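Only one structure is covered here, and it is reproduced in the block below.
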Amino acid sequence: MSIDNQRQKEISQRGMVKRRTAEIVGAGFAGLAAACALAQRGWLVRVHERARELRTTGAGIYVYENGLRVLEALGAYTDAVSDAPIANMREVRDDHNRVISFHRWDNSARVFSVVRQQVINALASAARRHGVQVLTDSEAVAATPTGTLAFADGAQTQTDLIVAADGTNSRLRDSLGLLARRKLLADGAIRLLVDKTVEERNSAEPGKTIEYWSGKRRVLYTPCSKDQIYVALTMLDNDEVAKAVPLRKVEWKISFPHLADLIDRLGGDGRYDRFELIKLKRWSSGKVAVIGDAAHALPPNIGQGAGCGMMNGLSLAVFLDRFEDPSLALTNWELQERPLTDHTQRVSYFLGLPTAWPPAVRAFFFKGSSRSKWMVRQRTMTARHKPTGTEDL
Ligand SMILES: Cc1cc2nc3c(=O)[nH]c(=O)nc-3n(C[C@H](O)[C@H](O)[C@H](O)COP(=O)(O)OP(=O)(O)OC[C@H]3O[C@@H](n4cnc5c(N)ncnc54)[C@H](O)[C@@H]3O)c2cc1C
């Protein structure tokens, strides 16, 4: 049966009233959040994921107050953060392993560090509970402003809304010519999970993140479950030795002799990703909305890429509910939501610049910026934001 016929059959089986239909491409944080939010508002939603299963790359993730509120609104919060530590303390250490800055989140803003797959599984379960159909092995290749979605196997479907949530290399976004700027940044990261030792399991500070610097290399140490530590190694993209996978452990131990035990425990399963920044001319074209990294990829320096993607997925559904005319809804959605995402991109980009600075200048900057109330406000604005659609929580 063609996708269109199958869709019509589903609609008629569900009753006489024609529900609005949405086809979402990409089952990452953004796509699944949008799927839940639209289904909660009565849309008939289908998610297309090109992979065989819903698997996320990247080991662990920080989810701040803003993202946690979205997860709550979508009914995914409890599953997403169960057993995850509250990551409310962050220490930055210099090349001599001395603490140069410390940030503690107060009780007004929660932050958890979580195994990524747990959050994706929680969102996918919530989506299914809301009636979303999730299709794996389903790759979309193009979309038109009039609502036609084309698939890699030659099939096409017509729908009321297409959501392009297909990540940084979004084929849908590119098929619509929406890209304004794509900038590969100077740095990148290898991410891994490592099992906790007995001492780590019994740590008195189970949610403390430590950022160790050595030259232009960094090790970010984040407990992210009862049993696991999320380790992110960052480096300049031209540092071929540091970005090699499997890890060149001897080299990393020379940079971080005080972390030799941890480095020895790291496995060979990490992956390297270069950071990038993406800006669009517009977040929508006709019946197609673009969300998540496809619309606004940003470096991870304040841990808000998925946070923004989930916020924009939820707010998209809220605006489509608020306005009868979908094009008015999409225009107003972008007008209201984009400034915060733009701010998040600016701050995150700015906080990546010290990577390339001499260590002494970087240490001076980190010390100063952790004491500046203005800088702390800029850095934490997104995390403290009350996302659209979560006002009643
Ligand atoms: C080192 C690092 C650390 C980070 N840390 C954090 C953090 O702590 N907190 C935070 O909020 N963010 C963090 N981020 C950012 C976060 O990972 C991304 O913003 C987030 O994963 C983007 O989600 P997404 O759903 O937009 O895209 P993706 O996660 O890329 O999902 C896109 C999905 O679409 C599928 N897909 C792609 N093309 C097609 C197609 N043609 N058809 C069908 N399916 C398709 C893919 O298989 C994938 O499943 C970090 C990023 C990096 C690199």
Side-chain angles (χ1 to χ4, degrees), residues 23-35 46-68 70-71 80 87 90 111-117 119-120 123-124 134-143 149-153 162-175 185 187-192 209 218 220 222 224 230-235 243 270-278 290-313 341 344-345 348 352 382-383:
E23 304 283 344
I24 297 181
V25 178
F29 296 94
L32 289 171
R46 191 160 48 186
V47 176
H48 302 272
E49 168 54 51
R50 73 174 168 197
R52 283 255 156 80
E53 44 185 333
L54 305 192
R55 282 238 147 265
T56 175
T57 50
I61 190 162
Y62 293 89
V63 189
Y64 293 87
E65 182 69 27
N66 59 319
L68 295 168
V70 174
L71 290 169
R90 189 186 189 105
V111 48
F112 284 93
S113 49
V114 198
V115 175
R116 270 181 183 245
Q117 191 63 40
V119 185
I120 289 294
L123 281 166
V134 181
L135 301 178
T136 51
D137 239 337
S138 180
E139 182 178 359
V141 290
L149 181 62
F151 295 90
D153 64 3
I162 296 170
V163 180
D166 47 345
T168 49
N169 296 317
S170 172
R171 290 186 72 171
L172 266 58
R173 170 197 69 211
D174 293 346
S175 74
L185 301 180
D187 46 352
I190 296 171
R191 289 169 285 172
L192 311 103
T209 293
R218 172 172 46 167
L220 185 66
T222 308
C224 67
Y230 160 40
V231 178
L233 310 170
T234 75
M235 68 294 290
K243 75 178 197 188
R271 59 170 265 159
Y272 172 74
D273 291 287
R274 187 164 176 184
F275 303 155
E276 57 181 314
L277 196 70
I278 286 176
V290 188
I291 60 170
D293 276 8
H296 51 66
L298 60 153
N301 301 309
I302 55 170
Q304 278 292 351
C308 285
M310 292 191 293
M311 284 199 293
N312 293 330
T341 299
T344 314
Q345 285 186 300
S348 213
T382 313

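Ligands are counted one by one from 1 in listed order, and the atoms in each one are counted from 1 as well. All residue numbers refer to positions in the sequence shown, counting from 1. Since the structure is predicted, the reported quantities are computational estimates derived from the model, not experimental observations.
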Residue part near ligand 1, for A294, under 4.0 Å between non-hydrogen atoms: neither
Just to be sure I read this right, does ligand 1 sit under 4.0 Å from the backbone of D166, its side chain, both, or neither, counting only heavy atoms? both
Distance filter under 4.0 Å to V25 heavy atoms, resulting ligand 1 atoms: 40 (C), 42 (N), 43 (C)
Contacting atoms of ligand 1, where contact means under 4.0 angstrom from a heavy atom of A189: 1 (C)
Shortest non-hydrogen pair, A87 vs T209, comes out as CB-OG1, 4.4 Å
Protein contact of atom 3 (C) of ligand 1 - nearest heavy atom, named by residue and atom, plus distance: P300 CB, 3.4 Å
Top protein contact for atom 48 (C) of ligand 1, by heavy-atom distance: E49 OE1, 3.5 Å
Identify, by atom number and element, the atoms of ligand 1 in contact range of G307, meaning under 4.0 Å from any of its heavy atoms. 11 (O)
I need the minimum non-hydrogen distance between V63 and V114, along with the two atoms involved. CG2-CG2, 4.3 Å
Looking only at protein heavy atoms, what sits closest to atom 43 (C) of ligand 1 is R50 N, 3.3 Å
Pair R50 + D166, salt bridge at N-O below 4.0 Å: no
Nearest heavy-atom neighbours spanning A124 and L54: CB-CD1, 3.6 Å
Given side chains that start at C-beta, do those of Q304 and S348 come closer than 4.5 Å, heavy atoms only? no
Can you report which non-hydrogen protein atom sits closest to atom 2 (C) of ligand 1, along with the distance? R191 NH1, 3.3 Å
Tell me, which protein residue and heavy-atom name are nearest atom 19 (O) of ligand 1, and how many Å apart are they? D293 OD1, 2.7 Å
Nearest protein heavy-atom contact for atom 12 (N) of ligand 1: which residue, which atom, what distance? A306 N, 3.1 Å
Among G26, G167, G28, A140, which residue places a heavy atom closest to atom 30 (O) of ligand 1? G167
Please report the shortest heavy-atom distance between I61 and F29, naming the atom on each side. CD1-CZ, 3.7 Å
Nearest-contact summary for atom 7 (C) of ligand 1 - protein heavy atom, Å: I61 CG1, 3.3 Å
So, 4.0 Å and heavy atoms of A51: is ligand 1 close enough to count as a contact? no
Side chains of R116 and V119, heavy atoms from C-beta outward: is any pair under 4.5 Å? no
So which protein heavy atom does atom 6 (C) of ligand 1 come closest to, and at what separation? R116 NH2, 3.7 Å
Please find the pair of heavy atoms, one from A383 and one from Y64, that lie closest to each other, and give the distance. CB-CB, 3.7 Å
Using heavy-atom distances only, which candidate in A295, A165, G31, G313 approaches atom 32 (C) of ligand 1 most closely? A165
After noting the C-alpha distance and the side-chain angles of K243 and R274, does the key distance pass the side-chain contact (heavy atoms from CB on, under 4.5 Å) rule? CA-CA 10 Å; K243 75 178 197 188; R274 187 164 176 184; over 6 Å; no
For G305, the ligand 1 atoms with a heavy-atom partner under 4.0 Å come out as 10 (C), 11 (O), 12 (N), 15 (C), 19 (O)
With side-chain contact (heavy atoms from CB on, under 4.5 Å) as the criterion, how do V25 and R171 come out once you've worked through the C-alpha distance, each side chain's angles and the decisive distance to 0.1 Å? CA-CA 10 Å; V25 178; R171 290 186 72 171; over 6 Å; no
Contact check: A30 vs ligand 1, nitrogen or oxygen atoms, below 3.5 angstrom: yes
Would you please determine whether S138 falls within less than 4.0 Å of ligand 1 on a heavy-atom basis? yes
Which atoms of ligand 1 have any heavy atom of G292 under 4.0 Å away? 26 (O)
Could you check T344 against T382 for side-chain hydrogen bond (donor to acceptor under 3.5 Å, both in side chains), going step by step and ending with a plain yes or no? CA-CA 7 Å; T344 314; T382 313; 2.8 Å; yes
Would you sort out whether H48 and E23 count as a side-chain hydrogen bond (donor to acceptor under 3.5 Å, both in side chains), showing the intermediate values? CA-CA 7 Å; H48 302 272; E23 304 283 344; 2.6 Å; yes
Quick check: closest heavy atoms across I24 and A34, and the distance to 0.1 Å? CD1-C, 3.9 Å
For ligand 1, which atoms have a heavy atom of H48 less than 4.0 angstrom away? 43 (C), 44 (N)
Measuring from atom 8 (O) of ligand 1, which candidate in Y64, Y62, Y230, F29 has the nearest non-hydrogen atom? Y62
